[in-house]
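Throughout, a chain's letter reflects where its sequence line sits, starting with A, and its residues are numbered from 1.
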Amino acid sequence: MKKSIITFENYSFKYRSQTEPSLQNINLTIHEGEKVVIVGPSGSGKSTLAHCINGLVPFSCKGDMKGSLKIKGEETKELGIFSLSKMVGTVLQDPDGQFIGLSVGEDIAFALENDMIPQDQMRYQVMEVSKLVDLETKVENSIHELSGGQKQRVSLAGVLVDDVDILLFDEPLANLDPATGQQAIALIDQIQQETNKTIIMIEHRLEDVLHRKVDRIVVVDEGRIVSDTTPHELMASDVLQSSNIREPLYVKALKYAGCNITPEMHAAYLDTIVLDGSQDKLQKWFEAKKVVEKESRNDPILSLENVSFGYNQPNQTINNVSFSINKGEMVSIVGKNGAGKSTIIKLICGFEKVNSGKIRLMGEDITRATIFKRAESIGMVMQNPNQMISKHMIYDEVALGLVMRGVGEREIKERVEATLKVCGLHPFRNWPISALSFGQKKRVTIASILVLNPDIIILDEPTAGQDLKHYTEIMEFLCELNKRGVTIIMITHDMHLMLEYTPRAIAIADGQVIADDSAVNILTNEAVIEQANLKKTSLFDLAVRTQIDNPRDFVTRFIAFDKEVRDTWQ
Amino acid sequence: MAVELLSYIERKSPVHSLSGATKLIVFLAWSSAAMLTYDTRVLLVMLLLSLAIFAISKVQIRDISFVLYFILAFLLLNNIAIYIFSPQEGVKIYGSSHVIIDIIGRYNITIEQLFYQLNITLKYFVVTPAALLFIVTTHPSEFAASLNRIGVSYKISYAISLTLRYIPDIQREFRTIAQSQQARGIDMSKNEKLWKRVGNASTIIFPLILSSLDRIEVVSNAMELRGFGKNKKRSWYSAKPFKRGDYIVIIVSILLLILSLIITFYDGNRFYNPFM
């Protein structure tokens, strides 16, 4: 029997500001050297659970707690946050926000500085840890020069330097492109094998976490633990579906095809799954589903012609980019962190001026038009709604753009009310924005753009950090707008979003368009996947392994069917 | 991005290689000297010295032009205010009155007043390069360590240095928010009337504050989780040890401070009076 390192016993916690407890009657034991994933939808209490372990609850966020939580045999409420930080190292979800030092070395050394370690010894320890995470050549670099994956290595090194026994990762995959996400998971796995630390990961992108082996998955929903079992057992149950967590797609496909998943199938990883007996069912399911071919129109609304741009002249951030978007299309722009996706959007909106090339809107050259002028047809929704919201009440926020354009009061009222209805916000129109959830705030920002009647809406990561339910809500809403004739362009790291909602995708790498094709073709093209840091969908691998004649069609049919199924439980 | 003001500028120069604490001490000595003295001769010598040090530092005027314009505008405002509220200050100080332009009563322009305001302006010109140099040549990582070394508590030092290092981030954020608000039709360009533009600015400030508060929460959690504030003292990864040059510079600057005070107060008065 392994030694237990974390033990929750009948543990409950309620934040002081809330009426309902966030965690109820938790019983959970984690053993030394184990690798545990905690999953759950937004607001399920999984982050609170993590905060209990690292001490932010109850030492920073106050509230009432009942029951007992012991870490390494000691009751946490009798320890302080500082003693806990010697046992539990936390890597927070926002890789940019958590950096304290400016250079890699300085950030890694932060915990040592607080322990008054002399400078020479500190430099030695920083060097040792940076070797562990493969950053020894970057110690002097500024953190801002690093890629997303490297940044995560820095924050990992910053907690490893303290020689903690438990590593806690709070949504390690948020904000990482798919390939970098896989590397992060591999790195965590490697660290565990080298150091035998206890690893706890909080994440809702389960399929990506299962890129490497884990010992146990704990599912949290509505403040309770609804399942605590091995990955293979979990795949065989329907807990994930009932808790609104996305199952790995190949598992979902097998379930749709009527295959009975048993723990013996080892379904948690694509390279362990036993598919004997499933082939026929999948093949039959595949043949039964037909794809509705969409006719493609050719009616460009927005086109970029040989656009180049650089913040400093000789180095081009955007290099000779050309593409055109048709009226009524829904298109994804994908690519690795820092490839130039956001810059292209800035050029389209006029936030930055192109160095050379042309941008046309409905045939008209808008290369030199002002932001204000372009805004009449192109609306931009930022990733973080807090960056856009400037009024206290929902109605005022949505009306703001019209008020600024000097539209008459009666017309404002009509248009705002109509927009609020479209966005499903009409019942809340007199609510303060602070009372809304993140997803609802996002809707408010979309509404505040939509009210201006743009022909094109551009969204930056519309579903970042959303669980499956909110994701579906936002995306279905965008589809609805699309059906009303609004052209939609999205920047995204979510491969599934791209497959499911955008028939066409444009892949960007190093400031150039490397592919402009159907989403399915892009996500099954090894060369493009490699170059743009994307990830091949597991559906494709499943289809190949079960010898389905046309794996691409299989992917398309699955997506269409899955969408229908989820439409019914909307 | 071009609009990052008051952030560290990387150059190789003798000024950059000094320890941050040294520069801070020099800056404090320098500005005390400039604050205390109204002696035009001392101020002129200091002005020449500060221009020389500025040249040595290899920082270009255009690197800091925005802040410089801001300070010049403020200086102008200050001068106008002095004239409006105390137009005869110079006469009071220097004890004589040479009127050049007759306006009305106390608003007559006198040489004494002009001379007095010239001294004020000189003080600005003496202190500004020193202050700017301290900020743009001290690596932000070293900034907190320097404050801490001269006796400021490390928590306060860290708070100040975090604030400074977030300035570029906040500027970037400001730009992003401003652009997205402009795209909603909030006109911040010169086409709009000034008072309306000021009103429109509030639509940027509100989201900026909200997102800054988010940022503060994340970073303070991160700091606490890594043991910030546990002990009474802490060590510094990027503190620069004092070298011989540092001691020399500190001694020279303190000698200069003393010398300037001796010259200034030699005749028992802070003011150099050419009218006697």
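For Q181(B), the part lying near chain A is the side chain, with the backbone staying farther off; criterion is any non-hydrogen pair under 4.5 Å. Only the side chain of M382(A) comes within contact range of chain B, judged by heavy atoms closer than 4.5 Å. Of the atoms belonging to Y166(B), it is side-chain heavy atoms, and not backbone ones, that fall under 4.5 Å from chain A. Both the backbone and the side chain of E397(A) come within less than 4.5 Å of a heavy atom in chain B. For D460(A), no part lies under 4.5 angstrom from a heavy atom of chain B. Within the 4.5 angstrom heavy-atom criterion, no atom of S161(B) approaches chain A. Residue E217(B) does not touch chain A at all, counting heavy-atom pairs closer than 4.5 Å. Both the backbone and the side chain of A239(B) have a heavy atom closer than 4.5 Å to some heavy atom of chain A. Contact of L402(A) with chain B is not made at all, since no heavy-atom distance falls under 4.5 Å. Of the atoms belonging to V126(A), it is side-chain heavy atoms, and not backbone ones, that fall under 4.5 Å from chain B.
The two residues L400(A) and T203(B) have their closest heavy-atom pair at CD2-CG2, 4.2 Å.
Interface summary for chain B: among V91(A), L84(A), L102(A), I117(A), the most heavy-atom pairs under 4.5 angstrom belong to L102(A). Each of M122(A), K391(A), H144(A), K86(A) has some count of heavy-atom pairs under 4.5 Å with chain B, and the biggest count is that of M122(A). Heavy-atom pairs under 4.5 Å with chain B peak, among N54(A), V403(A), V164(A), L56(A), at L56(A). Note on L112(A), D115(A), V88(A): by heavy-atom pairs under 4.5 Å with chain B, the leading option is D115(A). Chosen from G101(A), P118(A), G158(A), S83(A), the residue pairing most often with chain B at heavy-atom distances under 4.5 Å is G158(A). With chain A as the partner, the residue from G229(B), G227(B), A222(B) showing the most heavy-atom pairs under 4.5 Å is G227(B). Among E113(A), M116(A), R405(A), M380(A), the residue making the largest number of heavy-atom pairs under 4.5 Å with chain B is E113(A).
With values rounded to the nearest 0.5 angstrom, S60(A) atom OG is found 7.5 Å from L225(B) atom CG. Here E224(B) contributes atom CD and F59(A) contributes atom CZ; the two are 10.0 Å apart, rounded to the nearest 0.5 Å. Between Q387(A) atom CD and I177(B) atom CD1 the span is 5.5 Å, to the nearest 0.5 Å. The line from OH of Y237(B) to CD1 of I108(A) is 7.5 Å long, rounded to the nearest 0.5 Å.
Between S235(B) and Q119(A), the side chains place no donor N or O within less than 3.5 Å of an acceptor N or O (distance only, hydrogens not considered). With 3.5 Å as the limit, one finds a donor-acceptor pair spanning the side chains of N386(A) and D214(B).
Judged by distance alone, the side chain of R184(B) and the main-chain N or O of L452(A) form no donor-acceptor pair under 3.5 Å. At distances below 3.5 Å, not a single donor-acceptor pair connects side-chain atoms of R226(B) with backbone N or O atoms of V159(A). Between the N114(A) side chain and the K230(B) main chain, no donor and acceptor come within less than 3.5 Å of each other.
Classified by interplanar angle (parallel below 30°, tilted 30° to 60°, perpendicular above 60°), the ring pair F110(A)/F228(B) is parallel.
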